[in-house]
*Asks:* 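Below is the structure I would like to discuss, written out as structure tokens.
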Amino acid sequence: MMFSTVKALPLNVKYQHGESATSLASRLARRNGVSGMAMFLSDFGIDYLKLSNGDQEDCARLASLAGVDPAELHHHTPALVSPGWFRLGMEEIKFTAFSRTALKGCPQCLQDASNESEAAHFGLWQLTSIRTCCLHGCYLTPLPTSSGTRERFDVAKLTSGFSPPEPQIANDQDLLFEHYLRTRIEKGPGKTWLDRLPFHVAAQTCEGFGLLLTLGPKARRETVTPAQWAAAGTAGYGVLRHGPDAFREKLKEIQRAHPVDNTLYRTRYRVFFEWLRHRDDDPQFDVIRDLVREFIFRNFPISEGYIVLGQPCPEQYVHSLSTARSRYGMSGWKLARRLASMGLAERKTSGQGFVLTGYVSTEIINDIATDFDDLLNATDAGKHLGVERFMMTKLTKPGLVEKYFDEKNASPMYHPRDLDWFLGKLRARVERPKSEDLLDIATASHRVRIPTERVVEIILRNHLPLHAVDPATTRFPDFHVSLAVLREVIATDHHGTVRPTRAAKILGINIRTIRSLMDTGVLKSCDIEELNSGRMRRYVCAKSMEQFSKSHISVVELATKSGRLPGVEAVIQLDRGAKPLPLDPRANMIFRRSDVL
């Protein structure tokens, strides 16, 4: 049917940009003295139900009566495009994102209206997540409800005699989320992860998750105010706009904020989780549901087969102390002590028992369970190293040999892996002998009148050469050290420090470089009073040498690795843009490993 022949009504109203077709019809009816919108529409052959559902032909017929652009009117009216789906602006939106049985209105618009046909109602306001009037920046207020379905959208009739409350102005910082939704409707969705979610999924997830962030897990949705909803939506949007990784990290942050105890994920995420659980009839929430479920499976001690958000857990990824005890049948006391040694548990403030710093991965629990079968007591550990029990105690006290349970009162137990690691450090020092005064470490310590464990520390700290017939199978008594070299180093050794000349030899750089590194603070130094001369000298801290070796490399070492001359290697690295440390001009060139490797 052609509508160009339909003339605009002589008694008309001014169309407001963004107004819905039902609002325009309601105002036209009131302006023309008709008591109800339904009666007015029937007089002109316009179907009330079709118009309320944005039917294009009925919108066009109404537009002709009002003398407005039919395309604009249709654009701003929620239009049913398939069962349960409406088009509004540039978005197709599921009906669950709308509130079409209880309309909201702007109190300022209603106060400013000079008559009952002046205050318009906008199509956007039918969306649950749109809570403010963009003209006045105030929160919308619920309008009186209709007695029948044919008056549901008759805004002029609903507001007749209605006294709106005082407008509540919204904070601009709380409206970022609403601005995002308005932009999606005006311009269509973008290309980000959040934009690719259906409108109703993006809107409701931002608000549901934001409620957890702003009001906490115990928040009650039915008591949340429009201002609180706006703040929640913006908080959720602030996370979700950055994608699924940011979403997971925020879930993890919430988990870390609570101590590990017997309560599970429901306690920490209750308001969000309960909301998501009731979305199980909408498959379009699967992307959110799958992400949250996978996070829960991997970050909470969920047993295999346990149902979370409709799906069984495929395997248990992490454990608490209680689930590990019951699953593996191991001693809870031993398990807690071992986890404490690993920094994964700590003793309670009461001193009774332990508490986890975080749930422990199944891989770690598996390793510990396997370790328990291999543990050795002090006597058997001594046999592994080839020493008596008293020597095990001497080597254990300063931490040269690591106890499996790092507790003062715990019975000393050892794992063969840690014993072999200690032997491996000694085996790494084995070289061809350059002297004939070789003695086993215990005998050498007796000769220099220093405890054996102190001699071992000196050997390892100063990288002293050792001798062994067969390094691959050598045990502790079979390592030999030069008595002369040992005495020479002892004269300059101080606990935790290394003489600069020795440091230069260990690091493979010249003494000028060592001094320059100490001057610039790259290597930490200590002022030491030498025993022989009584003079104060700068020594290098051994720990800072270890850190330096891990983070920096000399051009000489780089050249050794590449097979080039140091000068050539320097030119190549400089051409690549690597910047050496600003040291003395005569020092060896030093690079950060991350810049050249």
Side-chain angles (χ1 to χ4, degrees), residues 18-26 37 47-56 58-59 73-106 109 120-134 139-146 148-155 158-159 175 177-189 194-195 197-208 210-211 221-222 224 226 229-230 232-233 236-237 275-276 278-279 281-285 288:
E19 184 178 4
S20 68
T22 50
S23 169
L24 180 61
S26 178
M37 180 179 74
D47 188 287
Y48 173 87
L49 180 60
K50 287 184 177 180
L51 185 72
S52 65
N53 285 334
D55 180 80
Q56 191 166 7
D58 287 280
C59 281
L73 183 63
H74 188 256
H75 183 78
H76 296 293
T77 300
L80 188 68
V81 291
S82 62
W85 289 87
F86 290 84
R87 172 167 286 279
L88 179 59
M90 301 296 291
E91 280 277 5
E92 285 196 13
I93 306 172
K94 193 170 186 179
F95 76 97
T96 55
F98 289 89
S99 178
R100 287 167 57 82
T101 58
L103 300 184
K104 300 168 293 185
C106 170
C109 288
H121 193 272
F122 299 89
L124 273 173
W125 292 357
Q126 293 185 32
L127 289 168
T128 305
S129 298
I130 298 297
R131 293 187 167 85
T132 63
C133 172
C134 64
Y139 288 106
L140 304 177
T141 189
L143 298 181
T145 55
S146 62
T149 57
R150 294 182 68 78
E151 296 179 350
R152 183 173 296 163
F153 294 99
D154 195 347
V155 179
L158 293 177
T159 56
L175 298 182
F177 171 58
E178 191 167 306
H179 293 328
Y180 165 75
L181 296 181
R182 290 178 184 271
T183 301
R184 278 189 65 158
I185 290 170
E186 292 169 8
K187 300 180 180 180
L194 185 62
D195 287 321
L197 297 178
F199 185 94
H200 73 290
V201 175
Q204 293 174 23
T205 303
C206 284
E207 290 184 331
L211 210 59
R221 295 174 60 88
E222 61 271 19
V224 178
W229 274 120
Y237 169 66
W275 162 81
L276 184 58
H278 287 100
R279 305 275 83 72
D281 59 342
D282 188 343
Q284 293 199 310
F285 279 92
I288 303 298

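In what follows, every heavy atom counts, from backbone to side chain, and hydrogens, waters and symmetry copies are set aside.
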*Asks:* Who pairs with Lys50 by side chain to side chain contact (heavy atoms under 4.5 Å, CB included), at least two apart in sequence or on another chain?
*Replies:*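 Partners of Lys50 by the side chain to side chain contact (heavy atoms under 4.5 Å, CB included) criterion, ordered by chain and then number, come out as Asp47, Asp55, Asp58.
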
*Asks:* List for me each residue that meets side chain to side chain contact (heavy atoms under 4.5 Å, CB included) alongside His76, sequence neighbours excluded, and say none if there are none.
*Replies:*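 Side chain to side chain contact (heavy atoms under 4.5 Å, CB included) list for His76, sorted by chain: Tyr15, His17, Glu72.
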
*Asks:* Taking the six-membered ring for Trp, is the centroid-to-centroid distance between His200 and Phe285 below 6.0 Å?
*Replies:*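 Ring centres of Phe285 and His200 closer than 6.0 Å.
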
*Asks:* For the backbone of Ser146 and the side chain of Glu151, can you confirm whether one donor and one acceptor N or O come within less than 3.5 Å of each other?
*Replies:*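 No.
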
*Asks:* Determine yes or no for a side-chain-to-main-chain donor-acceptor pair under 3.5 angstrom, with Asp154 supplying the side chain and Met37 the backbone.
*Replies:*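 Answer holds: yes.
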
*Asks:* Give a yes or no on whether the backbone of Val201 and the side-chain of Arg279 come within a donor-acceptor separation of less than 3.5 Å.
*Replies:*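 Here the side-chain-to-backbone pair does not exist.
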
*Asks:* Take Phe199 and Leu127 through the side-chain contact (heavy atoms from CB on, under 4.5 Å) test and state the conclusion after the steps.
*Replies:* CA-CA 11 Å; Phe199 185 94; Leu127 289 168; 4.1 Å; yes

*Asks:* Treating His75 as the side-chain partner and Met90 as the backbone partner, does any N or O pair qualify as donor plus acceptor under 3.5 Å?
*Replies:*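 Answer holds: no.
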
*Asks:* Just to verify, which of His179, Glu178, Glu186 counts as forming a side-chain hydrogen bond (donor to acceptor under 3.5 Å, both in side chains) with Arg182?
*Replies:*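 Only one of His179, Glu178, Glu186 forms a side-chain hydrogen bond (donor to acceptor under 3.5 Å, both in side chains) with Arg182, namely Glu178.
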
*Asks:* Cation over ring, Arg150 on Tyr48, under 6.0 Å and within 45°?
*Replies:*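 Pair Arg150/Tyr48 counts as cation-pi.
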
*Asks:* Angle class for the Trp125/Phe122 ring planes (parallel below 30°, perpendicular above 60°, tilted otherwise)?
*Replies:*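 Ring orientation of Trp125 relative to Phe122: perpendicular.
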
*Asks:* Carefully, step by step, assess Leu181 and Cys206 under the rule side-chain contact (heavy atoms from CB on, under 4.5 Å).
*Replies:* CA-CA 11 Å; Leu181 296 181; Cys206 284; over 6 Å; no

